Amino acid sequence: MISCTEFIAAYSELFKYLDQRGGKEAVLDFWNYLSDHFLGNLHDLVVANGIRGCWLYWSHTLNEEAADFTMELDEDAGEFSITMHHCPSKGRLLAWTHLEPYADYCRHCDVLYRRVLEPLGYEYLYDQSQVAEARCKLVIRRKEQRADEHGRDMA
Amino acid sequence: MKQIMLRTAADNPYLHKDFHAALSTALIYLEERYGADAVRAYLRQFATAFYGPLKQDILQRGLPALQEHFARIYQIEGGDVTFELTDDALTIHVAACPAVMHMRQHDRPVAPLFYETTRTVNEAICEGTPFRAELLAYDDRTGRSTVRFSRRSP
């Protein structure tokens, strides 16, 4: 058995294996597949609870992953955000000195969740500028809410 | 309503068992797109890269290094496991695989080749060492298994 505590290494090595076989398109194809076949729980939570579904989903996963984060929910504004101070996944990949992480490892977070949330009417903003230090920022906004706010600003 | 949650890494243990289901989904994908040999090739490549330090430990200390590795893994995962260690062999009996049981309990699909995360990975760990790995028994429903590591014949 590969322990779930070793999964991140297996994940990164899978991206490398797919890249060797079919380039970045093969990796992207897998991310799309994983989003469609593995993130049904995120989809269902957001359909049932709106933007609060994001809070419910990531409250579970980020705590189990022992992440170092600040998570904010503003239901009236239709906005949810995660400020990842130290990502447990990227942090592990950087700490395992005998393993070279997949170069575009963090992009899976952009692809997988965006694919679930945008069709449900949410804007997905992901700042990867500091992933080399295991930090990132994610903002999810309800699209129609943003349009309403824009309308008020214009009035 | 506004809510905020702040956590540090020290606030929680690192144990996200849904990762087992993510790996299982990945193996299903690999088999569907590239075939069963790709599943084994990927797992071999992963194990060779990731378990390099364990392999070095096996070369230095032999079978106790393997026993300690698996004892630690199953303690983290909450698995019921027993070990039989002699000078030339280590047999591991797993009553039920924590990964398989987690997926069954949460209605997640278990990859038909999920047993390769035991068989192929263990074989890869042993490559280049005086030992070989054998998966003697495996139950797909529960992941109950018997694995033997033994000294290769000269």
Side-chain angles (χ1 to χ4, degrees), chain A residues 1-18 20-22 26 29-30 33-34 36-41 52 55 58-77 79-83 85-86 88-89 91-92 96-100, chain B residues 1-30 32-34 38 41-43 45-53 56 70 72-74 76-77 79 94 97-100 102 106 108-109 114 117-118 121-122 143 145:
Chain A
M1 182 185 69
I2 298 167
S3 169
C4 64
T5 60
E6 301 167 327
F7 169 75
I8 296 305
Y11 207 29
S12 177
E13 289 300 312
L14 175 62
F15 302 164
K16 283 198 227 173
Y17 177 80
L18 291 170
Q20 289 160 9
R21 288 201 64 144
D29 185 62
F30 168 66
Y33 179 95
L34 192 62
D36 295 346
H37 291 81
F38 184 67
L39 292 180
N41 49 355
R52 173 166 289 277
W55 173 274
W58 272 288
S59 293
H60 172 71
T61 60
L62 292 185
N63 278 293
E64 284 197 354
E65 292 180 56
D68 187 329
F69 66 96
T70 301
M71 200 164 75
E72 295 173 81
L73 172 69
D74 185 339
E75 285 190 284
D76 294 336
E79 186 167 307
F80 168 82
S81 70
I82 299 169
T83 303
H85 307 299
H86 186 79
S89 301
R92 275 174 173 75
W96 283 320
T97 54
H98 66 291
L99 212 61
E100 182 71 27
Chain B
M1 182 178 178
K2 291 186 180 181
Q3 278 182 275
I4 187 164
M5 182 186 292
L6 293 93
R7 295 285 186 275
T8 69
D11 290 334
N12 292 293
Y14 180 65
L15 191 70
H16 184 46
K17 288 198 172 189
D18 270 356
F19 280 155
H20 291 305
L23 179 61
S24 178
T25 304
L27 300 187
I28 292 168
Y29 170 86
L30 272 179
E32 283 179 3
R33 291 285 200 281
Y34 299 97
Y42 152 63
L43 288 171
Q45 185 170 313
F46 154 70
T48 301
F50 183 65
Y51 294 113
Q56 288 303 312
F70 285 107
R72 182 177 63 81
I73 292 303
Y74 284 102
I76 290 170
E77 297 270 356
V94 178
C97 173
V100 172
H102 176 82
H106 292 83
R108 293 284 203 177
F114 198 77
T117 63
T118 296
V121 166
N122 288 345
S145 69

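Computed from a predicted model, the values in this text were never measured in an experiment. Residue numbering restarts at 1 for every chain, and letters A, B, ... go by the order of the sequence lines.
- Of the inter-residue distances, the one linking Asn41(A) atom CG with Asp18(B) atom CG reads 7.0 Å to the nearest 0.5 angstrom.
- In terms of non-hydrogen atom pairs under 4.5 Å with chain B, the most contact-rich of Leu34(A), Thr70(A), Leu62(A) is Thr70(A).
- When atom types are taken as modelled, the side chain of Arg108(B) and the backbone of Phe38(A) share a donor-acceptor pair closer than 3.5 angstrom.
- In this structure, a donor-acceptor pair under 3.5 Å is present between the side chains of Gln45(B) and Gln20(A).
- Gln3(B) touches chain A through backbone and side chain together, each having a heavy atom under 4.5 Å away.
- Residues Met1(B) and Arg52(A) have side chains in contact (heavy-atom distance under 4.5 Å, counting atoms from C-beta outward).
- Pairing each heavy atom of Pro53(B) with each of His98(A), the nearest pair is CD-CD2, 3.4 Å.
- Here the CG atom belonging to Leu18(A) is positioned 5.5 Å from the OH atom belonging to Tyr34(B), to the nearest 0.5 angstrom.
- When only modelled atom types and interatomic distance are considered, Tyr51(B) and Glu6(A) share a side-chain donor-acceptor pair under 3.5 Å.
- Residues Met5(B) and Asn63(A) are in side-chain contact: their nearest non-hydrogen atoms beyond the backbone lie under 4.5 Å apart.
- Interface check for chain B: of the options Thr61(A), Asp29(A), Ile8(A), the most heavy-atom pairs under 4.5 Å are formed by Asp29(A).
- Residue contact with chain B, scored on non-hydrogen atoms closer than 4.5 Å, involves the side chain of Tyr33(A) exclusively.
- Cation-pi geometry between Arg21(A) and Tyr42(B) is not met at under 6.0 angstrom from the ring centre and within 45 degrees of the axis.
- Ranked by heavy-atom pairs under 4.5 Å with chain A, the list Ala21(B), Cys97(B), Gly52(B), Ala99(B) is led by Ala21(B).
- Contacts between Ala47(B) and chain A at a heavy-atom distance below 4.5 Å are absent for every atom of the residue.
- The aromatic ring centres of Phe7(A) and His16(B) sit 6.0 Å or more apart.
- Heavy atoms closer than 4.5 Å to chain A are found in both the backbone and the side chain of Pro98(B).
- Comparing Leu43(B), Ile73(B), Val100(B) by heavy-atom pairs within less than 4.5 Å of chain A, the highest count is held by Ile73(B).
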Decide side-chain contact (heavy atoms from CB on, under 4.5 Å) for Met1(A) and Val121(B); before the verdict, give the C-alpha distance in whole Å, the side-chain angles of both, and the deciding distance to 0.1 Å. CA-CA 8 Å; Met1(A) 182 185 69; Val121(B) 166; over 6 Å; no

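- The shortest non-hydrogen separation linking Ala9(A) to Phe50(B) is CB-CD1, 3.4 Å.
- Using a 4.5 Å cut-off between heavy atoms, Ala38(B) contacts chain A through both its backbone and its side chain.
- When each of Thr8(B), Ile28(B), Asp11(B) is checked for heavy-atom pairs under 4.5 Å with chain A, Thr8(B) comes out on top.
- In this structure, CG in Asp74(A) is found 11.0 Å from CD1 in Ile4(B), a value given to the nearest 0.5 Å.
- Heavy atoms only, all atoms of each residue included: Ala26(B) and Leu14(A) are closest at CB-CD2, 3.5 Å.
- For the options Pro109(B), Ser145(B), Pro13(B), Ser24(B), heavy-atom pairs under 4.5 Å to chain A are most numerous at Pro13(B).
- Side-chain atoms of Glu75(A) do not come within 3.5 Å of backbone N or O of Lys2(B) as any donor-acceptor pair.
- Between Ile2(A) and Phe46(B), some side-chain heavy-atom pair lies under the 4.5 Å cut-off.
- Contact annotation for Leu23(B): both backbone and side-chain heavy atoms come within less than 4.5 Å of a heavy atom of chain A.
- In this structure Phe69(A) satisfies the ring-ring contact (aromatic ring centres under 6.0 Å, His included) test with no other residue, sequence neighbours excluded.
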Could you go step by step and tell me if Arg92(A) and Tyr14(B) meet the side-chain contact (heavy atoms from CB on, under 4.5 Å) rule? CA-CA 11 Å; Arg92(A) 275 174 173 75; Tyr14(B) 180 65; 3.1 Å; yes

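- When each of His102(B), Lys17(B), His20(B) is scored by its heavy-atom pairs under 4.5 Å with chain A, the top score falls to His20(B).
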